[in-house]
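Remarks on the structure that follows.
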Protein chains: 2
Amino acid sequence: MTAADRVYAIIKQRILDGYYVAGSYVREATIGQELELSRTPIREALRRLVSDGWVEVIPHHGARVVSWTQRDVEEVFELRVLLEPQVVRRAASRIDAPRLDSLGELACHMEQLCERGDDQAIDEIAVLNDRFHAELITAADSPRLQRLLEAIVQVPVSRRSFHHYSDEELHASMRHHREILRALAVGDGEWAASVMRAHILAARAAQLHPPARQTHQPRQQHA
Amino acid sequence: MTAADRVYAIIKQRILDGYYVAGSYVREATIGQELELSRTPIREALRRLVSDGWVEVIPHHGARVVSWTQRDVEEVFELRVLLEPQVVRRAASRIDAPRLDSLGELACHMEQLCERGDDQAIDEIAVLNDRFHAELITAADSPRLQRLLEAIVQVPVSRRSFHHYSDEELHASMRHHREILRALAVGDGEWAASVMRAHILAARAAQLHPPARQTHQPRQQHA
DNA sequence: TAATCTAAAATGGTATACAACTCTTCTCGT
DNA sequence: ACGAGAAGAGTTGTATACCATTTTAGATTA
């Protein structure tokens, strides 16, 4: 592991942790002194963070941690609604039994965590959910589709968790996983794609209307 | 614009123009001397080209221009079929009259060139067609969608031209442009998206079955 | 002839020094 | 008081150098 790799990981972690606030600048000299490295590996790490969409570079002025607007979030969901169904559409005719099994285990694990329902469990679900989607992408066997999605879903972890899901939304999400797996098991790409589309649209709804979180109450109009 | 930006653009253009043949190596020292720059900005440009998928690095041997397989072409079309309709779906509710006019002029110009039909005209059509699609993307007003498409549709010039189109395919392509504009003019995104989908699928068919090019002959089965 | 060794060539990674640029601030003239 | 312009500090951009690693091809040797 090179110094540039370490710097990349450190800066990324600091962004995720909120140590580097969105909109603030990451100074090359500053972390250089901090980590006792020259600017060279820091610059390389920053360039990689730029191409991964975590920071943006203003020429001759510095690397700034990207800010996310509501519009950015909507754009991402709009693209995921297109691309993620394509993932399972392709996967349906390509997936093999071992991977289906491993996806099934992931679904199982997530459901158990879902039953626990505490905050830590919710965090773990987010991790497993990422793995779930990543495995599907691998099964889709399309490097370009994978690249596009990776370029898209890189979102600050604060927005990627399931904390704004209601119980009902969370359980629906688990059912989606199961239904996708059933569709894949019988090789029905369109079925799988439809469920995935619903899955993403549900996630979008949960993100866009986080305050409306009454599980057992009668329905209520939102903005 | 920094030197690294220029180097990036130059190398990319040379790949698109076919000056750097697929499989050949881009030597750091060579272009360094050629452009009278040190290895530093060249290295940075090459890293970006790698992460954008234009070249691949063989460790300790150099940066090689990526080769396109038939499968790559199919992957690109598969993604364009998803993304380009979304472009016009968004554009339908956002486009303004001036841009519609300028798109109309582009379509006009392409149709005239289409009537000429010589090789040079075909080349010019490819350029205008790129502009046509680029204007649509601008009208769609989605930076991420734009970025994804730019990462996808930029293909070496040898594969981007209309030389493998039959007369009929070429005219159909022109009609698609017109129909898209009509749909946009009345703000019907789904109509525009459907035509665009057909437009891309037609382009795909022309690419995948280039030998079957008899316009006035009875149909013939292909591989 | 074939296996091995060797040296050249190229990149990989990092450090350092200097050049160029941007933004701020301060001065100067009106 | 106010705007234009210049100086300065701070920051990034680039050049250069160094050594390590790896590949390749040629030379050597049995």
Side-chain angles (χ1 to χ4, degrees), chain A residues 1-15 17-67 143 147 150 154, chain B residues 1-16 18-68 143 147 150:
Chain A
M1 191 187 235
T2 69
D5 291 332
R6 283 194 297 275
V7 175
Y8 173 89
I10 288 171
I11 297 178
K12 187 160 152 182
Q13 194 57 51
R14 288 186 176 178
I15 294 174
D17 292 346
Y19 180 79
Y20 288 147
V21 181
S24 66
Y25 283 87
V26 183
R27 297 295 173 200
E28 297 177 357
T30 306
I31 34 182
Q33 293 171 331
E34 207 174 331
L35 306 178
E36 293 187 328
L37 290 167
S38 80
R39 283 173 49 213
T40 310
I42 279 108
R43 282 177 65 83
E44 183 177 330
L46 284 176
R47 296 308 149 106
R48 283 171 51 189
L49 287 164
V50 167
S51 86
D52 288 357
W54 293 98
V55 306
E56 58 192 344
V57 159
I58 285 81
H60 294 102
H61 192 68
R64 185 169 59 184
V65 178
V66 297
S67 302
R147 236 166 44 91
E150 282 170 356
Q154 294 279 355
Chain B
M1 191 189 241
T2 69
D5 292 331
R6 281 196 298 274
V7 174
Y8 174 88
I10 288 172
I11 297 178
K12 187 159 143 184
Q13 194 57 51
R14 288 185 176 179
I15 295 174
L16 291 174
Y19 180 80
Y20 288 149
V21 182
S24 65
Y25 283 87
V26 183
R27 297 289 174 204
E28 295 178 359
T30 307
I31 37 181
Q33 293 171 332
E34 204 175 332
L35 307 178
E36 295 186 324
L37 291 168
S38 76
R39 277 175 61 201
T40 310
I42 280 113
R43 282 172 64 86
E44 183 178 325
L46 284 176
R47 297 295 163 90
R48 283 172 51 191
L49 288 163
V50 167
S51 88
D52 288 357
W54 292 99
V55 306
E56 56 191 346
V57 159
I58 281 76
H60 296 101
H61 190 68
R64 187 170 58 183
V65 178
V66 295
S67 302
W68 282 71
R147 232 171 53 94
E150 280 170 358

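Any value given below was found using the heavy atoms of this structure, including those in side chains, with hydrogens, waters and symmetry copies removed. Just so it is clear: chains get the letters A, B, ... in the order the sequence lines come, proteins before strands, and each one is counted from 1. Only a predicted model underlies this, so the values are computations on that prediction, with no experimental measurement involved.
- In this model, the phosphate group of dT12(D) is approached by a side-chain N or O of Arg27(A) to a distance below 4.0 Å at OP1 or OP2.
- Counting heavy atoms from C-beta on, the side chains of Arg43(A) and Glu28(A) come closer than 4.5 Å.
- With hydrogens and angles ignored, no donor-acceptor pair closer than 3.5 Å exists between the side chain of Arg47(B) and the base of dG12(C).
- When each of dA15(C), dT12(D), dG12(C) is scored by its nearest atom to the side-chain atoms of Thr40(A), the top-ranked nucleotide is dA15(C).
- Remark: P of dG10(D) and CD of Gln33(A) are 12 Å apart, rounded to the nearest angstrom.
- Closest-nucleotide positions on DNA chain C for Pro59(A) and Asp5(A) were compared, and the one nearer the 5' end corresponds to Asp5(A).
- What separates CD1 of Ile31(A) from C1' of dT11(D) is a distance of 13 Å, to the nearest Å.
- For dA10(C), the OP1/OP2 oxygens have no side-chain nitrogen or oxygen of Arg64(B) closer than 4.0 Å.
- Atom C1' of nucleotide dG13(C) and atom CE of Met1(A) are separated by 15 Å, given to the nearest angstrom.
- The nearest whole Å value for the distance from the CD atom in Glu56(B) to the P atom in dG12(C) is 13 Å.
- Proximity note for Arg39(B) (side chain, C-beta onward) versus dG13(D), dG13(C), dC23(C): the nearest is dG13(C).
- Screening Val65(B), Ile15(B), Ile11(B) against Trp54(B) for a side chain to side chain contact (heavy atoms under 4.5 Å, CB included) leaves a single residue, Ile15(B).
- Counting heavy atoms from C-beta outward, Ile31(A) and Arg14(A) have side chains that approach closer than 4.5 Å.
- In this structure, Ile58(B) reaches neither bases nor backbone, as no heavy-atom distance under 4.0 Å exists between it and the strands shown.
- Residues Leu49(A) and Leu46(A) have side chains in contact (heavy-atom distance under 4.5 Å, counting atoms from C-beta outward).
- Between Glu28(B) atom CD and dT11(C) atom P there is a gap of 5 Å when expressed in whole angstrom units.
- Between Ile42(A) and Arg27(A) there is no side-chain heavy-atom pair separated by less than 4.5 Å.
- One finds a side-chain N or O of Ser38(A) lying less than 4.0 angstrom from the OP1 or OP2 phosphate oxygen of dA15(C).
- Here Ala4(B) lies in heavy-atom contact (under 4.0 Å) with sugar-phosphate atoms only.
- Computed from coordinates, the Leu35(A) CG to dT14(C) C1' distance equals 14 Å when rounded to whole Å.
- With a 4.5 Å cut-off on side-chain heavy atoms, Arg47(A) and Glu44(B) count as touching.
- Heavy atoms of Val7(B) sit nowhere under 4.0 angstrom from any nucleic acid atom.
- Environment of CZ in Arg147(B): sparse, with no more than 12 heavy atoms of neighbouring residues, nucleotides or ligands closer than 6.0 Å.
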Check: protein-nucleotides 6-9 of chain C nitrogen or oxygen pairs below 3.5 Å:
none

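- Distances were taken from every side-chain heavy atom of Arg43(B) (C-beta onward) to each of dT11(D), dG13(C), dA17(C); the shortest belongs to dG13(C).
- Residue-level contact check: Glu44(B) touches neither bases nor backbone, having no heavy atom under 4.0 Å from any strand.
- Counting to the nearest Å, the C1' atom of dT11(D) and the OH atom of Tyr25(A) are 11 Å from each other.
- Remark: His61(B) pairs with Tyr25(B) by the ring pair (Phe, Tyr, Trp, His ring centres under 6.0 Å) rule, at least two apart or across chains.
- In this structure, Tyr8(A) atom OH and dT14(C) atom P are separated by 16 Å, rounded to whole Å.
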